[in-house]
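Residues take their numbers from the sequence shown, with the count starting at 1.
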Amino acid sequence: MLTTPDGTTYTYADALDESGRVARCLSDLGLKAGDRVTVQVEKSPMVVWLYLGCLRGGFVFHPLNMDYQAEELEYFIGNAKPAAIVCDPAKLDIHTRLAAETDCRVLTLAANDAGTLVTAMREMPPDFQTRERKLSDIAVLLYSSGTTGPPKGAKITHANLAANATTLVRAWGFTAADTLLHTLPVYHAHGLFVGLGCVLMSGASMQFLPRFSAAAVCTALPVSTVMMGVPTYYSRLLSEAGFDAALCAHMRLFICGSAPLPETLLQAFHERSGHLILERYGMTETGMNASNPLTGERRPGTVGPALPGVELRVTDEADQPLPAGTVGHLQVRGPNVFAGYWRTGNAARNDFTADGFFRTGDLAAIAADGYVTIAGRSRDLIITGGLNVYPRELENVLDSLPEVVESAVIGVPHDDFGEAVVAVVVASGGRAALRTEELLDTLRPRLAGYKLPKQVVVVDALPRNSMGKVQKNRLREQYAGLFSTPPA
């Protein structure tokens, strides 16, 4: 059962009927199995029926963030080449122009269920014979963030979706008795594959919020059993005066991902709620790869061991495995790993090793007992004076200080060292309260000298994307000239 904040409920039978109408509607418009359906709409139950209707019709679901503007949309539409676009009425003019250039249908869908898609599908009977698809066929086209170049479309297959959901239901103990508090967007793997997948594969229910709101979450917690979120969600819950263990008495599990979970936040949340957040690790291209256990040690600072059926290894530049505890390039192999990138040709061969492991682009260490610690993205690695600095290590130390709310460590060009370590921090007492020299004095006994920031920048807030990830590429661009020599 899916329940909205206004108390409207939908059953699994409703989901079957509505998704059948969607599949029939798109089929009658001439869409064929394998055609892409680009979707840029606000979150609503209708989006769930649209997603399921695409899967049942054999169409490829291609969701997009509502924040994307004309120039970004032009790239996505031109690259995905959809046969149909479903957009919010506010985006109709943009998509109509883009559709004219790509020859595809445009339908509208508003958060209140108004729009031409709903009008068309209401005339359709609910019965639809789900098209048979191969496990290797593409189910979803989901684009990566593109922080190091144009976004690339990850080809997520039906087998990938099934493998991920089946594994997570078992790993996290989902049953039909559960109610997921769904506050995540559904254009992203976290809310789409992880959240919806666990519910649908276990027969569970959902409290379906259109977006995250700390107050709304506090209202829904007493009738929920599981919540999935990003660190920002949990941090904001702690700012609610009424958030406490009594409010969480009905909950059995809080899960966190999509961005690193600071240990200080983990402990503060535990003290207030009585729950130790379960941190896990995944990515667009692979779904979930590792998870702290449901029962067993949830080790702070780690994302737990590899999930069943998933192989993880850490290697050097030559793809040779490194000893336990050594930081290196994290690689993954398993039924959860995507089928490659959309329309990249032979270039895609560089994304996989000769023995079939996907190069995640993350730096990590795997302990002897299998627990994985993420050190950061390989592109975030700082090489200063020939020595490697892993930003996450320094961020963990900074975030543990009472005068620091959160931090981001980046490398910027330096004439002498190649790169200089820069710490961008949000101060707990405001900008004026933080004295950078005193902060550096605190760090010196805890870190090797080459890891110390050459400069500390205090800001009001760190730039983040829609899933709460700090946008370090923006910080690197903003502070690239910190150590440059001004022209004579």
N/O donor to acceptor pairs below 3.5 angstrom from side-chain atoms of residues 46-54, sequence neighbours left out:
none

Salt bridge (Lys or Arg N to Asp or Glu O under 4.0 Å) against Arg97, all qualifying residues, sequence neighbours excluded | Glu101

What residue pairs, at least two apart or across chains, pass side-chain hydrogen bond (donor to acceptor under 3.5 Å, both in side chains) with a residue in residues 215-229?
-> Asp178-Thr225

When Met228 is tested against each of Thr183, Leu253, Val194 for side chain to side chain contact (heavy atoms under 4.5 Å, CB included), which residue passes?
-> Val194

NZ or CZ of Lys43 within 45° of Phe208 ring axis and under 6.0 Å = yes

Return each pair, listed once, that meets side-chain hydrogen bond (donor to acceptor under 3.5 Å, both in side chains) where at least one residue sits in residues 27-38; pairs must be two or more places apart or across chains.
-> Ser27-Arg131, Thr38-His62

Side-chain donor-acceptor pair present, Arg280, Ser291, cut-off under 3.5 Å | no

Row check, Phe128 ring normal vs Arg56 NZ/CZ: under 6.0 Å, within 45° | no

May I ask you to decide if Leu16's main-chain N or O and Ser19's side chain share a donor-acceptor pair within less than 3.5 Å?
-> yes

Test item: Ser239 side-chain N/O and Arg236 main-chain N/O as donor-acceptor pair under 3.5 Å = yes

Residue pairs involving residues 1-14 (criterion side-chain hydrogen bond (donor to acceptor under 3.5 Å, both in side chains); sequence neighbours excluded) | Thr4-Asp6, Asp6-Thr8, Thr11-Asp14

Just wondering, more than 12 heavy atoms not from Met1 lying within 6.0 Å of its CE?
-> no

Is the gap between the ring centers of Phe212 and Tyr234 under 6.0 Å?
-> no

Qualifying side-chain hydrogen bond (donor to acceptor under 3.5 Å, both in side chains) pairs, either residue in residues 113-123, two or more places apart | Glu18-Arg122, Thr108-Thr116

With no hydrogens and no angle check, do the side chains of Gln331 and Asp319 hold a donor and an acceptor under 3.5 Å apart?
-> yes

Proximity of Tyr143 and Tyr187 rings by center, below 6.0 Å = no

